[in-house]
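Down below is the structure, laid out as structure tokens.
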Amino acid sequence: MKPSKMVQNMTVLLRLSIVLSFALAIAHAQTGIWKHVNTRPDPQPEHLTVSKAQVEATKKALIASGRTDAWPCDFTGEDWTRTLIFEDLPVSATGKTMLVEAGPGCARGGQGSNGAMWVVRFKDQKPVVLASPKQKFNGWLYSIQPTTNHGLRDLVLGWHMSATETDLSYFQFDGKSYRLIGTAQLTADVDGNAKIVPNPKHD
């Protein structure tokens, strides 16, 4: 074999080795984050009563945070901020954080379970959006994890696919906003047995 051909083959093998190592590292990381996620969802958060001024300020912040992404509101022209639901989101011991969900309408699925969501925190009376549908923050709150990053607990969202299948999305706070770091699928049988299967990679 000519030296140049040998070098080419070695280069190809090296690249394949790097790709394989990277894929295995991703798969291991995915398995790691899902290892402590319960196969049963947490109880849903408690509703919050917020002032009219906070509601109006939050609406403006949500609109400013960007499009509702997968939802048709931007095309139908419907006012999706009209029926927002405010809930307590206990992710920090040092500050009040809210989960804001879209009510019935264009930003919620027909069956009612999957909807657009936002994580909002007030700073000096001003709402700060920490997660939005633009970051694929959609579905319903599956669980609040005990693990924290930059002072806020990790979040897992669910997306109902059927009576036996739920897509899961794992979000971590990076100091500025919640970021999607992994996806998985929860499957259950008629006897109530359930398992979480991580996806080796996600969009």
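Bear in mind the structure is a predicted one, so any value in this text is a computation, not a measurement.
Put simply, the side chain of Arg153 never gets that close to the backbone of Thr147: no donor and acceptor are under 3.5 Å apart. One N or O on the side chain of Gln135 and one on the backbone of Tyr178 form a donor-acceptor pair closer than 3.5 Å. Looking only at distances, a side-chain donor or acceptor of Glu78 sits under 3.5 Å from a matching main-chain atom of Cys106. Thr148 places no side-chain N or O within donor-acceptor distance of the main-chain N or O of Gly151, the cut-off being under 3.5 Å. Under a 3.5 Å cut-off, the side chain of Asp88 and the backbone N or O of Pro45 do not form any donor-acceptor pair. Formation of a donor-acceptor pair under 3.5 Å by the Glu165 side chain with backbone atoms of Leu186 is not found in this model. Of the possible polar contacts, one joining the Asn38 side chain to the Arg40 backbone as a donor-acceptor pair under 3.5 Å is found. With hydrogens and angles ignored, the 3.5 Å screen pairs a side-chain donor or acceptor of Ser162 with a backbone N or O of Thr164. At distances below 3.5 Å, not a single donor-acceptor pair connects side-chain atoms of Glu56 with backbone N or O atoms of Ala53.
Here the shortest heavy-atom pairing between Pro104 and Thr83 reads O-OG1, 3.4 Å. Closest heavy-atom contact between Ser132 and Ser65: CB-OG, 4.0 Å. Residues Ile33 and Tyr170 come closest through the heavy atom pair O-CE1, 3.4 Å. Taking each heavy atom of His160 and Ser113 in turn, the nearest pair found is CD2-CB, 3.2 Å. The two atoms that bring Gly112 and Arg108 nearest to each other are O-NH1, 2.8 Å, heavy atoms only. Summarising the geometry of Pro198 relative to Ala184, their closest heavy-atom pair is CA-CB, 3.6 Å, with the distance given to 0.1 Å.
Atoms CG and CD, from Leu152 and Gln145 in turn, are 14.0 Å apart once rounded to the nearest 0.5 Å. Atoms CG and CG, on Leu89 and Leu141 in that order, are 6.5 Å from each other to the nearest 0.5 Å. In this structure, the separation between CG on Leu84 and OG1 on Thr58 is 8.0 Å, given to the nearest 0.5 Å. With values rounded to the nearest 0.5 angstrom, Gln172 atom CD is found 3.5 Å from Ile181 atom CD1. Here the CE atom belonging to Met117 is positioned 12.5 Å from the CG atom belonging to Leu62, to the nearest 0.5 angstrom. Rounded to the nearest 0.5 angstrom, Leu155 CG and Ser143 OG are separated by 8.0 Å.
Side-chain atoms of Leu130 and Lys176, non-hydrogen and from C-beta on, never get closer than 4.5 Å to each other. With contacts defined as side-chain heavy-atom distances shorter than 4.5 Å, the pair Met161/Asp167 qualifies. Residues Ile196 and Leu168 form a side-chain contact, since some pair of their non-hydrogen atoms from C-beta on lies under 4.5 Å apart. Looking at Pro90 and Ile144, their side chains come closer than 4.5 Å, going by heavy atoms from C-beta outward. Between Lys96 and Phe122 there is no side-chain heavy-atom pair separated by less than 4.5 Å. The side-chain heavy atoms of Val129 and Val119, taken from C-beta on, include no pair separated by under 4.5 Å. Side-chain contact between Trp80 and Trp71: absent, with no pair of heavy atoms (C-beta onward) separated by less than 4.5 Å. Side-chain contact between Asn138 and Asn114: absent, with no pair of heavy atoms (C-beta onward) separated by less than 4.5 Å.
Side-chain N/O atoms of Asp174 and Asn149 include no donor and acceptor closer than 3.5 Å. Residues Arg121 and Ser92 bring a donor and an acceptor atom of their side chains to less than 3.5 Å of each other. Tyr142 and Asp42 share no side-chain donor-acceptor pair at under 3.5 Å. A donor-acceptor pair shorter than 3.5 Å cannot be found between the side chains of Gln185 and Thr166.
Atom CZ of Arg179 has 12 or fewer neighbouring heavy atoms from other residues, nucleotides or ligands inside a 6.0 Å radius.
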Check the pair Lys52 / Val55 against side chain to side chain contact (heavy atoms under 4.5 Å, CB included), numbers first and verdict last.
CA-CA 5 Å; Lys52 186 176 180 180; Val55 170; 5.6 Å; no

Derivation of the side chain to side chain contact (heavy atoms under 4.5 Å, CB included) call for Phe86 and Glu101:
CA-CA 7 Å; Phe86 293 81; Glu101 296 189 67; over 6 Å; no

Take Val120 and Thr97 through the side chain to side chain contact (heavy atoms under 4.5 Å, CB included) test and state the conclusion after the steps.
CA-CA 6 Å; Val120 178; Thr97 308; over 6 Å; no

Would you please test Trp118 and Phe137 for ring-ring contact (aromatic ring centres under 6.0 Å, His included) and show each step?
CA-CA 7 Å; Trp118 299 260; Phe137 203 79; 9.0 Å; no

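Hydrophobic clustering (ILVMFWY, side-chain heavy atoms < 4.5 Å, transitive): Ile63 and Val100 are in one cluster. The hydrophobic cluster containing Val50 does not contain Ile85, counting ILVMFWY residues as joined when their side-chain heavy atoms lie under 4.5 angstrom apart, directly or transitively.
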